[in-house]
Amino acid sequence: MHGRIHFGLSVPVFLLWLSLISPSIAQEARGSGGDGRTLEFVDQLKDVIQRAERSRSADPGVLQELRDLVRRYDWPWRASLLYDDFRDGDYTFDPRWTTINGDFWVSQNAGLRTRFEIAAATRRASSSGPLDILEGIFRGASASRGQDVEPQSASAAHIYTEVPITNAFAVKFEIGSRGYPQEGNRIEFGPFRGAQQDGGYRLAYEPGKRPSFTLLRVAPGRSSIIEMYDEVVDLDDGQLHQIEWRRAADGTMTVLLDGKEIIQTFDRAFNHSFDGFVISNKGGDYTIRRVAIFGTQKNYVR
């Protein structure tokens, strides 16, 4: 006996109904920030699971199927923390971005532009300042996940905005690369903690290199590789590309490029909120068309 759990349906019939409507749920769930109807359905499904657990009216295996469905289509990052498409032509107001170094400007109908050329003496180095790590470790055969690296000093173009970001977050980042093929080109972005922007997470992209994307954990004076996408990706095709970076409450992190999952990993080094978002151009010419950050209502103690 499975019992009856919702709308007068037995659990097997309910699951059959879910299988029929799940394609439309999946399509809606891919919408920006989660579709309202999809999230309403997922919330109702959570209530069904909780009632079934309390009444013990459903088979544990069936309940697990329902939980898997919730995890697949839920969008827990329902609070919009920041949105900027730079259409107003001013990156210094609402939201306010602060330039630390280098060139940033808004190009009409294009977005935020940044260009930085690595000096010849520093092109062999990958990273700079307290946020950076030696780029050669990514290209070298000895690179390994979780490895600590001492950063070396070099220049870069940095810009940041102060905004409280919950520990669990989702970032939608629209970017284009403009063909600047110098050795060592690289752009990083991510949530930071601290007045010096020297703690938090960074997602790094290296045009035409392998690995092309690297997920980093940064701390004052040190950085560690969490995970890499060990393939060559060149975004210099005249198109804008969608990067979506999700971090769940349990520390699971997923990165998607144009809807394709390229990184999935786990890290719980930070269990608190973040103070803002930073973009660091360490070489290259990039267009950033949109930055959208979502968070959860519930946050960890700072």
Side-chain angles (χ1 to χ4, degrees), residues 81-84 86 91-106 112-116 118 122 125-135 137-138 148-173 175 184-206 213-226 243 245 247 253 255 267-284 286 288 290-295 299-302:
L81 306 179
L82 179 140
Y83 181 86
D84 200 347
F86 307 101
Y91 68 82
T92 64
F93 177 74
D94 194 27
R96 178 175 181 252
W97 294 83
T98 301
T99 301
I100 301 176
N101 185 52
D103 293 328
F104 292 87
W105 71 97
V106 177
L112 182 68
R113 291 285 310 281
T114 174
R115 183 185 298 123
F116 185 80
I118 304 172
T122 61
S126 69
S127 308
S128 60
L131 304 180
D132 311 321
I133 68 173
L134 188 63
E135 189 171 278
I137 195 165
F138 301 133
D148 288 332
V149 184
E150 292 287 352
Q152 292 191 359
S153 176
S155 350
H158 296 279
I159 196 171
Y160 73 94
T161 183
E162 294 181 351
V163 55
I165 300 175
T166 54
N167 185 257
F169 59 81
V171 175
K172 292 178 180 287
F173 199 82
I175 185 173
N185 280 358
R186 177 187 182 90
I187 188 169
E188 297 181 1
F189 57 88
F192 70 79
R193 183 171 171 82
Q196 302 301 317
Q197 300 93 44
D198 54 0
Y201 293 109
R202 303 289 182 271
L203 182 62
Y205 165 65
E206 295 182 80
F213 285 90
T214 306
L215 189 59
L216 307 169
R217 180 196 317 116
V218 300
R222 301 190 71 83
S223 298
S224 299
I225 303 169
I226 302 174
I243 298 174
W245 175 10
R247 185 170 197 265
M253 287 194 282
V255 178
D267 186 84
R268 299 189 66 178
F270 294 97
N271 62 353
H272 44 60
S273 62
F274 301 94
D275 300 319
F277 192 82
V278 64
I279 301 170
S280 181
N281 179 2
K282 300 178 180 179
Y286 307 96
I288 300 158
R290 178 177 61 128
V291 180
I293 305 175
F294 304 89
N299 198 14
Y300 292 87
V301 177
R302 292 172 57 81

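For clarity, every value in this text was computed on a predicted model and none was experimentally measured. One-based numbering along the sequence shown. As a basis for the values below, the full set of heavy atoms in this structure was taken, side chains included, without hydrogen atoms, waters or symmetry mates.
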>> Applying side-chain contact (heavy atoms from CB on, under 4.5 Å), can you list everything that pairs with Val255, at least two apart in sequence or on another chain?
In response: Leu203, Ile243, Trp245, Ile262, Ile263

>> If the condition is side-chain contact (heavy atoms from CB on, under 4.5 Å), which residues does Thr98 pass it with, not counting sequence neighbours?
In response: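 Thr98 satisfies side-chain contact (heavy atoms from CB on, under 4.5 Å) with Arg96, Tyr160 once adjacent residues are dropped.
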
> Got a sec, which residues hit salt bridge (charged side-chain N to carboxylate O under 4.0 Å, His left out) with Asp103, two or more places apart in sequence or on another chain?
Replying inline: none

> Looking at residues at least two apart in the chain, or sitting in another chain, which of them share a side chain to side chain donor-acceptor pair (under 3.5 Å) with Thr161?
Replying inline: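 For Thr161 there are no side chain to side chain donor-acceptor pair (under 3.5 Å) partners, ignoring immediate neighbours.
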
> With sequence neighbours left out, what residues match Tyr201 under side chain to side chain donor-acceptor pair (under 3.5 Å)?
Replying inline: Arg247, Asp267

Donor-acceptor check, side chain of [X] to backbone of [Y], threshold 3.5 angstrom: yes or no?
{"X": "Asn167", "Y": "Phe270", "value": "yes"}
{"X": "Asn101", "Y": "Ala156", "value": "yes"}
{"X": "Arg193", "Y": "Ser273", "value": "yes"}
{"X": "Gln197", "Y": "Ala195", "value": "yes"}
{"X": "Arg202", "Y": "Ile279", "value": "no"}
{"X": "Asp198", "Y": "Ala219", "value": "no"}

> Among all residues two or more places apart in sequence or in another chain, which pass the ring pair (Phe, Tyr, Trp, His ring centres under 6.0 Å) test with Tyr205?
Replying inline: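 In terms of ring pair (Phe, Tyr, Trp, His ring centres under 6.0 Å), with neighbours along the sequence ignored, Tyr205 is linked to Phe213.
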
>> Checking Trp97 against Asp84 for the side chain to side chain contact (heavy atoms under 4.5 Å, CB included) test, could you report, in this order, the C-alpha distance in whole Å, the side-chain angles of both residues, the deciding distance, and whether it holds?
In response: CA-CA 10 Å; Trp97 294 83; Asp84 200 347; 3.0 Å; yes

> What's the spacing between Glu188 CD and Leu215 CG if we round to 0.5 Å?
Replying inline: 10.5 Å

>> Are the side chains of Ile159 and Thr114 in contact, using a 4.5 Å heavy-atom criterion?
In response: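 With C-beta onward as the side chain, the pair stays apart.
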
> For Phe277 and Val163, which heavy atoms make the closest approach, and how far apart are they?
Replying inline: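 Minimum heavy-atom contact is N-CG1, 4.5 Å.
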
> So Phe274 and Phe169, would you call those rings parallel, tilted or perpendicular, with 30° and 60° as cut-offs?
Replying inline: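 Phe274 and Phe169: perpendicular rings.
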
